[in-house]
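Structure record follows, encoded as structure tokens.
Values below: all heavy atoms of this structure, side chains included; hydrogens, waters and symmetry mates excluded. All figures in this text were calculated on a predicted structure; none of them were measured in a lab.
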Amino acid sequence: LNHVLCCPKMGCISSKAQRTEDSDEDRYSPAEDDRRLLESSSITTGTATREAKPELNERQMQRDFQNQPDLPAAKLSPHSLSRRQEKGVGAKELGEGTSAIRTVKGEGLLQQLTSAYEWKERYTYSCQEFLALMDKLFMECQMHLSALSSHVDAESRKEVDALVREMIVLRKHWGPQLLPNSVCNAFVRERIPLSLGTDKQQFRIDCAQFFEPVPFYGTPGDSGGLMKLFRFSVYDLSKNVVVLRYYLEQSNIEQLYHVLCYVYDSQRGQVHPYTELPSYWELRQHMLDDIYARLANQL
């Protein structure tokens, strides 16, 4: 199975991390507790190397989160708003969906995301200060997105989708010099707790979305045109290991085609094909249905 590459304390990783069997090098932000589930022994960022701890420790996670630098005060200043409308970030793309953000927390995160456009003026590359600020901002987004995603009402889901769009557009504004794919190419938008079997065995699903389609096997030439858009990692919390993974794959050989696939032990196969790009919620439901069918019968 592929492993999740991440850095202390909640996000990006160094490009020095080892490749896995299928050369998957997903770089997540934020993924704070993923670093405790790494299959490798250590991770390196800049000049510091820290051992990856396999145990889950929610109190330590909270302390780590609180010890991150404070985010600059969010302001919807004319300057930050104008920066959003520069090169490649159009007004239509920016404004679409923001009216769906209705919660107080969501409005606060929208302000923080908008304010973060000015970080491009303060930093010229992915220095530790920038990465720490980005990790904390994206972790706050992920916590809110996870909480909202547990609701089934349409309004909550619209807010989730609107904030996800804002995160993607912000990363596009930062550009490859400030935040290259080699540092961070995806973010965890939801964590789903799951109990299966008669003994209620505990699992967790980390639902990651790539900022843009990523070659499945590391480089475009190696992938043969196969790209990945989403990745779902299922953790067995009793062993702190990934037991199952899903990908939304995209190919464009004769025509654009999407399919949800699974990787389980040495098996790989299709779960559901799509004639057009599915919504996250459609994809999520098909993934959950397959988990129940595939794992529940074996527990």
Side-chain angles (χ1 to χ4, degrees), residues 1-35 37-40 43-46 52 88-89 113 116 119-120 123 125-128 130-139 141-142 145 163-191 206-233 242 245-252 258 261 263 277 280 283:
L1 286 173
N2 318 342
H3 67 194
V4 178
L5 304 178
C6 49
C7 82
K9 297 178 180 184
M10 280 175 269
C12 298
I13 66 147
S14 163
S15 59
K16 298 178 182 179
Q18 280 188 319
R19 283 176 175 257
T20 52
E21 291 181 10
D22 60 0
S23 302
D24 187 10
E25 293 190 331
D26 302 350
R27 296 167 174 85
Y28 286 70
S29 176
E32 198 284 333
D33 59 334
D34 281 66
R35 74 181 177 85
L37 298 171
L38 286 172
E39 298 165 31
S40 58
I43 40 184
T44 306
T45 303
V89 186
L113 290 166
W119 295 356
K120 189 175 182 179
Y123 307 103
Y125 67 98
S126 295
C127 63
Q128 290 300 304
F130 166 76
L131 292 178
L133 289 172
M134 183 205 70
D135 282 342
K136 185 160 188 176
L137 174 58
F138 280 16
M139 174 58 85
C141 289
Q142 179 224 300
L145 295 176
L163 285 170
V164 165
R165 281 194 295 270
E166 290 295 315
M167 295 170 69
I168 292 172
V169 174
L170 172 60
R171 192 263 187 176
K172 181 178 180 180
H173 170 77
W174 284 340
Q177 182 173 342
L178 183 56
L179 190 59
N181 278 337
S182 60
V183 173
C184 175
N185 63 10
F187 60 96
V188 177
R189 61 177 284 167
E190 182 183 8
R191 287 197 161 100
D206 286 5
C207 309
Q209 180 171 343
F210 294 94
F211 287 110
E212 58 189 28
V214 172
F216 197 89
Y217 295 112
T219 63
D222 294 337
S223 294
L226 185 64
M227 311 293 279
K228 51 191 175 183
L229 283 67
F230 288 88
R231 170 173 160 172
F232 301 88
S233 302
V242 176
R245 280 211 169 102
Y246 295 88
Y247 296 91
L248 177 62
E249 301 175 3
Q250 173 185 286
S251 62
N252 193 15
H258 298 90
C261 292
V263 179
L277 181 64
Y280 170 76
L283 188 65

Taking C-beta and beyond as the side chain, do [X] and [Y] meet within less than 4.5 Å on heavy atoms?
X	Y	result
W119	L137	yes
E190	L145	no
F210	M227	no
L113	V169	no
L283	L229	no

Can you name the nearest heavy-atom pair linking A116 to W174, along with the distance?
->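 So the two residues come closest at O-NE1, 3.0 Å.
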
Which heavy atom of L179 sits nearest a heavy atom of S126, and at what distance?
->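 So the minimum-distance heavy-atom pair works out to CA-OG, 3.8 Å.
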
Among pairs that include at least one residue of residues 177-187, which meet salt bridge (Lys or Arg N to Asp or Glu O under 4.0 Å), considering only residues two or more places apart or in two chains?
->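 Passing the test, one end in residues 177-187: no pairs.
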
Output all residues satisfying side chain to side chain donor-acceptor pair (under 3.5 Å) with Q177, sequence neighbours left out; order by chain, then residue number.
->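 Partners of Q177 by the side chain to side chain donor-acceptor pair (under 3.5 Å) criterion come out as none, since no residue qualifies.
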
Quick one: do N181 and E212 satisfy side chain to side chain contact (heavy atoms under 4.5 Å, CB included)? Show the steps, please.
-> CA-CA 10 Å; N181 278 337; E212 58 189 28; 3.3 Å; yes

Donor-acceptor pair, side chain of K120 and main chain of L178, under 3.5 angstrom |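 Looks like no, no N/O pair under 3.5 Å.
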
For I168, side-chain contact (heavy atoms from CB on, under 4.5 Å) partners two or more places apart |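 With neighbours one apart ignored, the set is V164, F187, Q209, F211.
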
